[in-house]
**Q** 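A single structure is presented below for examination.
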Protein chains: 4
Amino acid sequence: MSSKPVILVIGAGAGIGLHVAKRFVAGGYHACLVRRSAAAAAMPFDSYAIDVTQPKALEDLVHQIEQDVGPIQCAVYNLGAQIGNRSLEETTLKQFELGWKLGTLGLFRLSKSLLPRMADRGSGTLLVTSSTAAVRGNPGQHSHAAAMGGRRMLCQSLRAEYASRGVHVAHVVVDGAVYAPDTLGKMIGQDKLEELNHAGRLMDPVAIAETYWHVAHQPVSARTFELDLRTQKDVAWWNSSHL
Amino acid sequence: MSSKPVILVIGAGAGIGLHVAKRFVAGGYHACLVRRSAAAAAMPFDSYAIDVTQPKALEDLVHQIEQDVGPIQCAVYNLGAQIGNRSLEETTLKQFELGWKLGTLGLFRLSKSLLPRMADRGSGTLLVTSSTAAVRGNPGQHSHAAAMGGRRMLCQSLRAEYASRGVHVAHVVVDGAVYAPDTLGKMIGQDKLEELNHAGRLMDPVAIAETYWHVAHQPVSARTFELDLRTQKDVAWWNSSHL
Amino acid sequence: MSSKPVILVIGAGAGIGLHVAKRFVAGGYHACLVRRSAAAAAMPFDSYAIDVTQPKALEDLVHQIEQDVGPIQCAVYNLGAQIGNRSLEETTLKQFELGWKLGTLGLFRLSKSLLPRMADRGSGTLLVTSSTAAVRGNPGQHSHAAAMGGRRMLCQSLRAEYASRGVHVAHVVVDGAVYAPDTLGKMIGQDKLEELNHAGRLMDPVAIAETYWHVAHQPVSARTFELDLRTQKDVAWWNSSHL
Amino acid sequence: MSSKPVILVIGAGAGIGLHVAKRFVAGGYHACLVRRSAAAAAMPFDSYAIDVTQPKALEDLVHQIEQDVGPIQCAVYNLGAQIGNRSLEETTLKQFELGWKLGTLGLFRLSKSLLPRMADRGSGTLLVTSSTAAVRGNPGQHSHAAAMGGRRMLCQSLRAEYASRGVHVAHVVVDGAVYAPDTLGKMIGQDKLEELNHAGRLMDPVAIAETYWHVAHQPVSARTFELDLRTQKDVAWWNSSHL
């Protein structure tokens with residue numbers, strides 16, 4: 001058992017998830033990370049390489065952590081469901097289902113396992129990383145937008161049912177690309193990544209993590225459910241079409 | 001083969017779906033209805049009692065109708081995913097998945113089968129019945145809100161990809177209860193149903209059907225993607241909380 | 001006094017306002033139009049060349065029409081406040097104030113004069129033409145967006161207070177340019193106007209008027225507060241920025 | 001001249017404005033406050049008792065502070081336009097105009113005076129306190145909703161034009177009542193105020209100020225334009241109407 005408050009981060013590659021974990025560790029938390037692969041040795045985290053789409057995987061994880069490490073004070077649901085732009089015809093049923101499993105169902109399963117525990121303790125925070133696709137659907141985004149639109153409405157339902165019982169749910173609209181060499185970098189190439197970053201068009205996950213930390217520690221009398229984040233240089237999602 | 005334009009209505013009990021079908025038949029359409037049970041004899045519709053959650057059921061239906069009856073000019077996706085208010089703890093994984101299958105996946109499957117055909121013809125309309133849960137999540141609505149939030153964002157993606165190819169997608173936010181003896185009536189009792197109706201609190205499916213007809217026949221130069229509908233007596237979903 | 005139902009259209013150049021008036025006249029209404037200049041002789045309308053920004057102008061007009069012509073069954077507030085793109089520094093206080101007077105205050109004054117009368121009669125419709133600037137603010141749109149954002153929220157307040165008393169308020173988001181030779185044509189040139197129209201990028205005011213007619217005649221049990229309108233070829237305002 | 005960064009707070013009674021000023025002073029800022037009455041002696045602020053609705057009042061103030069105190073690094077527009085619930089018939093033209101002057105025009109005038117200066121320096125923050133009326137109009141809120149709806153769209157236009165030039169604009173939706181003895185307390189009585197506060201239904205301005213501080217200091221790569229704030233115990237504005 002840890003004597004520190006526990007944070008569980010679901011989806012912790014090298015972008016937002018990892019840096020949120022680091023920020024909370026710096027702030028005195030014990031961090032448990034769910035990642036695709038086992039963690040590098042030097043990281044001050046507990047790592048769990050589970051497949052969250054498997055039945056009972058998330059449920060068992062929550063149970064195990066609460067029993068072995070301590071009560072989860074903060075959970076971050078950070079699994080993406082972006083598969084790039086695919087036309088409707090190119091989007092398979094399997095992709096659409098996987099988008100939902102990662103984007104919506106996983107959050108439901110985590111919440112069902114964790115929020116009643118938090119409510120019993122009268123305290124806890126669920127931070128949900130979301131994206132522009134949660135508030136508008138673009139061409140080629142059928143799977144992603146359906147998954148994220150479902151995620152956002154689920155977050156509202158969760159907040160509506162659990163806020164008065166002490167659970168803080170927040171939905172963060174990340175409106176732009178994040179500087180992440182191991183995901184975005186692999187997709188567009190490291191040169192392009194650095195070029196975009198140099199132009200101020202990529203979001204720094206360290207900065208994002210600072211806002212997660214702030215929202216997670218807002219006192220009960222003034223809490224945020226939804227906020228957006230983008231770089232100073234970027235156009236907001238609602239701008240830039242014709243007048 | 002029918003010489004008339006064809007309308008396919010998915011989800012046609014005795015409420016919106018049935019009355020939309022009637023309105024389009026009155027307007028000269030040939031109507032194909034997907035209903036849970038076989039249709040009553042006297043109805044001027046083709047009825048199909050398929051289980052839309054089964055693999056290939058919707059896909060085969062679209063193929064069959066296009067081949068045997070004629071090109072589908074208008075499709076109405078009218079399947080609900082409302083299971084009444086259930087707390088997070090009472091909402092099962094199975095219910096959550098069924099909500100998604102009826103609320104989101106079925107629309108994706110219908111669209112994937114039908115919209116490319118409409119785009120090839122440069123013409124066609126997809127009308128999607130939706131609900132308040134598509135724009136806000138209430139307590140007890142975890143399954144419904146997730147399904148409808150996904151549905152709305154999917155509709156935006158579909159419109160974004162297919163509008164310029166001639167397909168009209170519209171998302172109708174039905175913000176209130178509909179006068180439907182065989183569904184709502186069975187749920188709350190016929191006396192309560194009539195009482196609410198007498199007070200002007202229930203929406204008349206005949207009136208709703210008229211608006212579906214209007215939207216389906218807007219000329220290309222002025223088309224509606226989203227509109228809301230409620231009774232004159234009802235409070236809109238965004239009102240009525242504290243100031 | 002007219003034996004017909006009366007429609008009052010505020011802002012009736014040659015675009016939406018004029019065609020809405022024509023559609024309602026075709027449907028049996030007596031039309032009263034407020035235009036900048038006196039009407040052409042051959043039009044079957046009463047024309048009023050008042051300056052709506054003058055104190056009591058709208059109030060006196062409503063009183064006069066109700067007394068001389070008949071109870072106003074439907075009012076259309078169609079005054080624009082678009083002054084083209086101007087940077088914050090180029091936007092004068094005078095322009096900003098005029099934008100508010102035309103965009104927001106005029107609607108308040110019309111409503112204050114007319115809605116209590118409609119409520120006393122238990123019937124009446126107020127249709128408000130609005131624009132994309134009511135739902136998002138673009139660069140260079142400081143005056144227009146402030147005016148239209150105020151207009152939209154005012155419409156919601158009006159609906160909230162008057163719907164249960166029989167008054168139908170609807171807010172129409174016209175998301176695109178309208179084919180209007182005497183306004184848009186003069187601004188961008190007739191050649192450019194025809195070119196855009198040929199490409200399907202301009203909205204036909206006749207088609208828009210048909211939707212106004214439909215919304216104005218929805219029965220009490222299924223009424224629309226807000227809907228959007230754009231051409232089939234156009235991108236919706238929420239699309240087209242980065243993913 | 002001050003060697004510290006300067007914050008200008010417009011509308012600083014004893015609620016949000018005052019506590020934001022205190023938080024920034026604690027963080028090393030020099031604070032200039034615009035208040036209705038001259039400040040109490042012991043406060044570590046410069047106080048200005050100007051009438052912001054007077055022509056050139058805000059413009060002169062910005063000029064004076066920039067010349068005498070130093071470049072304004074952060075401005076907080078915190079003027080309310082709430083006059084309580086008044087029916088349309090009870091809302092006078094004068095009230096409606098005052099609502100606009102405080103709610104919308106004042107922000108435009110402040111922005112026009114200040115944002116070009118900030119853009120020239122490539123840095124600066126404008127925090128705008130807003131309310132639920134900016135996102136939905138309730139009965140009795142005609143003046144307030146029109147003013148706040150205009151304010152929100154203006155903020156979007158300002159962000160759209162100035163973000164890429166280094167100016168951070170943020171719109172804070174304060175969705176609930178704030179613990180403020182000298183305004184809300186006087187309106188509802190101190191006993192009622194304490195009762196609501198004890199029940200966790202009032203927002204603590206100290207907590208709100210902490211979030212303002214956070215948003216004002218987000219690095220350029222991850223900035224928030226809009227966020228909401230409410231107490232843990234409160235229902236969000238979009239909830240609580242019928243399903």
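Sequence lines set the chain letters: A, B, ... in the order given, protein chains first and strands last, and positions in each chain run from 1. Note that the structure is a prediction, hence the values are computed from the model and not measured.
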**Q** Which answer fits A:T92, side chain, backbone, both or neither, if we ask what part of it has an atom under 4.5 Å from a heavy atom of chain B?
**A**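 Answer is backbone: N, CA, C or O of A:T92 sit under 4.5 Å from chain B.
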**Q** Any idea which of A:L88, A:L107, A:L154, A:L105 has the most non-hydrogen atom pairs under 4.5 angstrom with chain B?
**A**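 Most heavy-atom pairs under 4.5 Å with chain B: A:L88.
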**Q** Do A:H171 and A:Y77 have their ring centres less than 6.0 Å from each other?
**A** no
**Q** Contact part of A:T91 toward chain B, heavy-atom cut-off under 4.5 Å: side chain, backbone, both or neither?
**A**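 Backbone plus side chain of A:T91, per the 4.5 Å heavy-atom cut-off to chain B.
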**Q** Is A:Q67 reaching over with its side chain to a backbone N or O of A:Q64, donor-acceptor style, under 3.5 angstrom?
**A** no
**Q** Please check: side-chain N/O of B:R35 versus main-chain N/O of B:A12, any donor-acceptor pairing under 3.5 Å?
**A** yes
**Q** Kindly indicate, with the supporting measurements, whether the criterion salt bridge (Lys or Arg N to Asp or Glu O under 4.0 Å) is fulfilled by A:D234 and A:R230.
**A** CA-CA 7 Å; A:D234 241 346; A:R230 66 185 63 78; over 6 Å; no
**Q** Taking side chain as everything from C-beta outward and backbone as N, CA, C, O, which of these in B:L115 sits under 4.5 Å from a heavy atom of chain A? Side chain, backbone, both or neither.
**A** side chain
**Q** Find the one option among A:K112, A:R109, A:E97 whose heavy-atom pairs under 4.5 Å with chain B are most numerous.
**A** A:K112
**Q** I need the residue from B:M153, B:R151, B:Q156 with the largest number of non-hydrogen atom pairs under 4.5 Å to chain A.
**A**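 Between B:M153, B:R151, B:Q156, the count favours B:M153.
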**Q** Taking side chain as everything from C-beta outward and backbone as N, CA, C, O, which of these in B:S143 sits under 4.5 Å from a heavy atom of chain A? Side chain, backbone, both or neither.
**A**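 Answer is neither: B:S143 stays 4.5 Å or more from chain A.
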**Q** Considering only NZ, NE, NH1 and NH2 on the basic side and carboxylate oxygens on the acidic side, decide whether B:R121 and B:E66 come within less than 4.0 Å.
**A** yes
**Q** Tell me whether A:R152 contacts the main-chain N or O of B:R136 through its side chain, where contact means a donor paired with an acceptor under 3.5 Å.
**A**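 No, because the side chain of A:R152 does not come within donor-acceptor range (under 3.5 Å) of the backbone of B:R136.
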